[in-house]
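Note: hydrogens, waters and symmetry copies are ignored here, and every other heavy atom, side chains too, is used. For the single chain, residues carry numbers from 1 onward in sequence order. This structure is a prediction, so every number in the text was calculated from the model and none was measured. Counting starts at 1 for both ligands and their atoms, following the listed order.
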Amino acid sequence: MSTTPQPVPPAPAPGTGPSWTERYAAAVMNTFGTPQRVLVRGRGAHVWDAEGRQYTDLLAGIAVNCLGHAHPAVVSAVTQQLSTLGHVSNFFTTTAQVELAEALIRLVHPGLDASDSRVFLASSGAEANEAALKIARRHGGGARPRVLALENAFHGRTMGALALTHKAAYREPFEPLPGGVEFVPADLGALQAAMGEDVCALIVEPIQGEAGVRPLPEGLLTAARRLTREAGALLIVDEVQTGMGRCGTWMAHHLLAPGTTPDVVTLAKGLGGGLPIGAVVATGPAAQLLGPGQHGTTFGGNPVCAAAALAVIRTLRDEHLPERAAALGRRWSGQIAALPGVRGVRGAGLLLGVVLEEGAGPAAEVQAELMDRGFIVNAPCPDTLRLAPPLVLSDADADSFTRVLGEVLASRASRQEQA
Ligand SMILES: *Cc1c(COP(=O)(O)O)cnc(C)c1O
């Protein structure tokens, strides 16, 4: 047996050999389909592909890059932290981790006594929801085996988070999943009927992002708080996509249900501005349910990610970006909703679902045409485009998208007339 390491094959010279997409297909597991472009660089709300073409990024890594690409505050925080202390185990703590936990408690529950809340730091949204589910189970003991989630919910792809995710195509190939989860329509009567003293928790997204940017019906979140409190169940609010200022307030539940205090709030996506980090903010008795040895993760609270999140929070606050998201979102969604071919715009702030008229054809085709015209969006469902741009998007970039979307929809309509 040879102990000599195998040499790594050299990359082909530029312009020869297989393309990046071919090499991707030969080396990367096929979980995401064929990548649309090979991206090499980003700055603010713009990215560039390997062929030098520029795009306006209206998806921001799916609601992640809230400060855009290569924001100097994040670059400097990460660089400084990494060159000082890049990682420690959770046998230790770091100043960045403690400062972040304190900041998150104040952000999520601005009016509340901070001493009532505790934070668990993770590395993704799914992991934050896994921890929330473990908190729910601890609350349930044997007497409360049921967990309620909403129809069309998306809470992530790990086994626990997947059990809370409604789409059968995501769930069924991986059954059996953790049991006890029931899906309830986002409707007061249905929630009322399902709630009971054998329920340990209800988990909701204030605006269902992956389902096509669908806000909960008005008043439902407030009612969910009342119903869970009466039944003694926990209310878990998944703000992974909607939090961190994206919907025009720090948390979307601040907008949809002012004054409501969930027992557990989960965060990720925008929190790290591009660095992988998730968080669970638990309040009241729920904050005490996970004890020593009951949960853990090696990377959770990593100081580099925590420093990035602190820089994100500071910049969002100093540059009033939640307010900017609210104002730009209001104006932009009004203008987009007025375009021929657009049936309406759902969502809040800079998390918007543009619902197309049937005549516009599949949203995935419109998305591809927009990409060819230099705009990155996505199509979470067959009739809807999702916009989740950096909160630093300029008025000019927003306006040029509105113009180009209008042109794309008009040309599709006239092509259809000729056909
Ligand atoms: C994206 C998302 C998740 C999963 O987060 P990951 O970081 O991809 O694991 C969970 N909940 C919601 C609402 C999301 O949008």
Review point. Are L216 and L150 side-chain neighbours, meaning at least one heavy-atom pair lies under 4.5 Å?
Key: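 Sidechains of L150 and L216: in contact.
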
Check your understanding: Is any side-chain heavy atom of T228 less than 4.5 Å from a side-chain heavy atom of L234?
Key ->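 No, too far: nothing below the 4.5 Å cut-off.
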
Check your understanding: Does the side chain of H109 pick up a donor-acceptor pair with the side chain of T283 at under 3.5 Å?
Key ->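 Side-chain D/A pair, H109 to T283: present.
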
Review point. Between Q335 and T402, do the side chains contain an N or O donor and an N or O acceptor separated by less than 3.5 Å?
Key: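 Side-chain D/A pair, Q335 to T402: absent.
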
Point to revise | Under 3.5 Å: N/O of D238 near N/O of ligand 1 | key: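 Between D238 and ligand 1 (N or O atoms, distance only) the closest approach is under 3.5 Å.
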
Review point. Do G156 and ligand 1 have an N or O pair less than 3.5 Å apart?
Key: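 No.
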
Which atoms of ligand 1 sit under 4.0 Å from any heavy atom of [X]?
X    : result
S124 : 7 (O), 9 (O)
N129 : 10 (C), 11 (N)
E205 : 13 (C)

Exercise for review: Might you confirm whether atom CZ of R43 has over 12 heavy atoms from other residues, nucleotides or ligands at distances under 6.0 Å?
Suggested key: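 No, CZ of R43 has 12 or fewer neighbouring heavy atoms, counting only those of other groups under 6.0 Å.
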
Check your understanding: Heavy-atom count around E151 CD within 6.0 Å, excluding the residue itself: above 12?
Key ->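 Counting neighbours around CD of E151, more than 12 heavy atoms of other residues, nucleotides or ligands fall under 6.0 Å, so yes.
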
Check your understanding: Side chain of R346, backbone of V355: donor and acceptor closer than 3.5 Å?
Key ->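 The answer is no, because no donor-acceptor pair under 3.5 Å joins these two groups.
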
Point to revise | Under-4.0 Å heavy-atom contact between protein and atom 8 (O) of ligand 1 | key: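 Under the 4.0 Å cut-off, atom 8 (O) of ligand 1 has no protein heavy-atom neighbours at all.
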
Point to revise | Protein contact of atom 5 (O) of ligand 1 - nearest heavy atom, named by residue and atom, plus distance | key: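 Going by distance alone, atom 5 (O) of ligand 1 is nearest to G125 CA, 3.3 Å.
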
Practice item. Tell me which protein heavy atom sits closest to atom 4 (C) of ligand 1, plus the residue, atom name and distance to 0.1 Å. Key: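 Going atom by atom, the protein heavy atom closest to atom 4 (C) of ligand 1 ends up being A126 N, 3.7 Å.
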
Practice item. Could you name the option among E239, Q241, K269 that has the heavy atom nearest to atom 2 (C) of ligand 1? Key: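 Looking at heavy atoms only, K269 sits closest to atom 2 (C) of ligand 1.
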
